[in-house]
Amino acid sequence: MTTPASPSALIADDERLMREQLRLALSQAWPALQIVGEARNGLEAVEMVQTLRPDVAFLDIRMPGLNGIDAAQALLKHAAEGGPPPPALVFVTAYDQYAINAFEQGAVDYVLKPAQPDRLARTAERLQRQHALGEAAPARASEAATALHTLLAPLARQLAGGGGGYLQRIQASQGNTLRLIPVGDILFFHSDEKYTAVRTLDHEFLIRKPIKELVTELDPRLFWQIHRSTLVNAQAIDHVSRDDRGGLWLTLRGCTHKLAVSRSHSGLFKGM
């Protein structure tokens with residue numbers, strides 16, 4: 001009797017520490033799973049899936065090149081044109097509300113960052129059951145592809161248009177440690193030419209994401225742009241004052257920093 005081959009997986013995430021964290025969590029939740037490759041962006045993920053033929057692909061939703069949704073659609077398109085069926089797909093996301101209802105329909109699975117052992121164990125159990133049942137059979141694969149197409153098309157439009165799936169955490173590297181900072185803990189963001197400072201009550205972190213990207217990824221009801229280089233948590237504002245030259249300055253609760261409001265954004269404080 002032939003022993004079935006161990007299932008294999010690809011991890012795709014543009015953050016090295018997140019790839020390492022997911023690899024470690026998977027080794028605990030699914031010891032038999034072999035990680036055969038790691039991709040740093042969506043384009044690499046598509047190429048590696050076609051070359052390595054893993055049973056499962058863990059795709060970060062937001063990646064450079066192609067995002068996770070676009071990469072999944074590219075794999076489905078390749079299969080529809082006569083290529084091999086795509087692997088089972090698991091989307092990895094830092095967006096607590098992003099498309100969760102759609103994912104819960106069961107066409108694909110999802111894991112929130114950082115991957116929690118209990119949630120990943122449920123994902124592993126589901127994938128192992130599918131692997132044991134041989135759900136890559138042609139008829140079932142065709143059904144799965146149709147379901148995925150139906151699900152992914154609106155998700156791709158949602159991701160492209162902002163869609164209300166706002167960031168819930170900010171990833172910031174500190175040496176070999178990746179910090180996941182809840183956005184509600186952040187007082188303000190301030191950018192220079194190279195880095196963006198992320199300020200909380202107790203710490204300051206540096207990230208490479210510019211303000212122009214954060215503006216589209218953060219809830220505008222929570223974070224207000226008060227300068228081309230500054231976003232502030234509206235709930236952290238204590239008061240607004242005007243200097244002798246008519247300039248507006250924000251004072252934040254629990255913070256000694258004062259933030260300048262540019263003339264083009266002063267309309268946020270029409271009462272001054």
Not counting sequence neighbours, which residues clear side-chain hydrogen bond (donor to acceptor under 3.5 Å, both in side chains) with H203? List them please. none

How about CD on E125, more than 12 heavy atoms from neighbouring residues, nucleotides or ligands closer than 6.0 Å, or not? no

I'd like to check the side-chain hydrogen bond (donor to acceptor under 3.5 Å, both in side chains) partners of T123; sequence neighbours left out, ordered by chain and number. D109, R119

Partner set under side chain to side chain contact (heavy atoms under 4.5 Å, CB included) for V232, not counting sequence neighbours: F188, W224, I226, I237, L250, L252, L259

Residue pairs meeting ring pair (Phe, Tyr, Trp, His ring centres under 6.0 Å), one or both in residues 225-254, sequence neighbours left out, come to none

Restricting to side-chain hydrogen bond (donor to acceptor under 3.5 Å, both in side chains), what partner residues turn up for S264, sequence neighbours left out? S262

Just by distance, do the side chain of T251 and the backbone of D238 share a donor-acceptor pair under 3.5 Å? no

Partner set under side chain to side chain contact (heavy atoms under 4.5 Å, CB included) for A236, not counting sequence neighbours: L187, N233

Does E47 have any side chain to side chain contact (heavy atoms under 4.5 Å, CB included) partners at least two apart in sequence or in another chain, and if so, which? none

For L26, give me all partners under side chain to side chain contact (heavy atoms under 4.5 Å, CB included), at least two apart in sequence or on another chain. I11, L22, L33, I35, F58, L120

For residues V46 and A74, report the shortest heavy-atom separation together with the two atoms involved. CG2-CB, 4.0 Å

Donor-acceptor check, side chain of S8 to backbone of D55, threshold 3.5 angstrom: yes or no? yes

Report the distance from atom OG of S191 to atom CZ of R228, rounding to the nearest 0.5 Å. 11.0 Å

All side-chain hydrogen bond (donor to acceptor under 3.5 Å, both in side chains) counterparts of D219, not counting sequence neighbours: R221

Clusters formed by hydrophobic residues whose side-chain heavy atoms approach within less than 4.5 Å: which one holds Y195, and what are its other members? L206

Side-chain heavy atoms nearer than 4.5 Å, only ILVMFWY residues, links allowed to pass through others: does that put V111 and M63 together? no

Would L222 and L218 show up in the same hydrophobic cluster when neighbours are defined by side-chain heavy atoms closer than 4.5 Å? yes

Show me the pairs that pass salt bridge (Lys or Arg N to Asp or Glu O under 4.0 Å) and involve residues 30-40, at least two apart or across chains. R19-E38, R23-E38, R40-E44

How would you list all residue pairs meeting salt bridge (Lys or Arg N to Asp or Glu O under 4.0 Å) that involve residues 245-269, not counting sequence neighbours? none

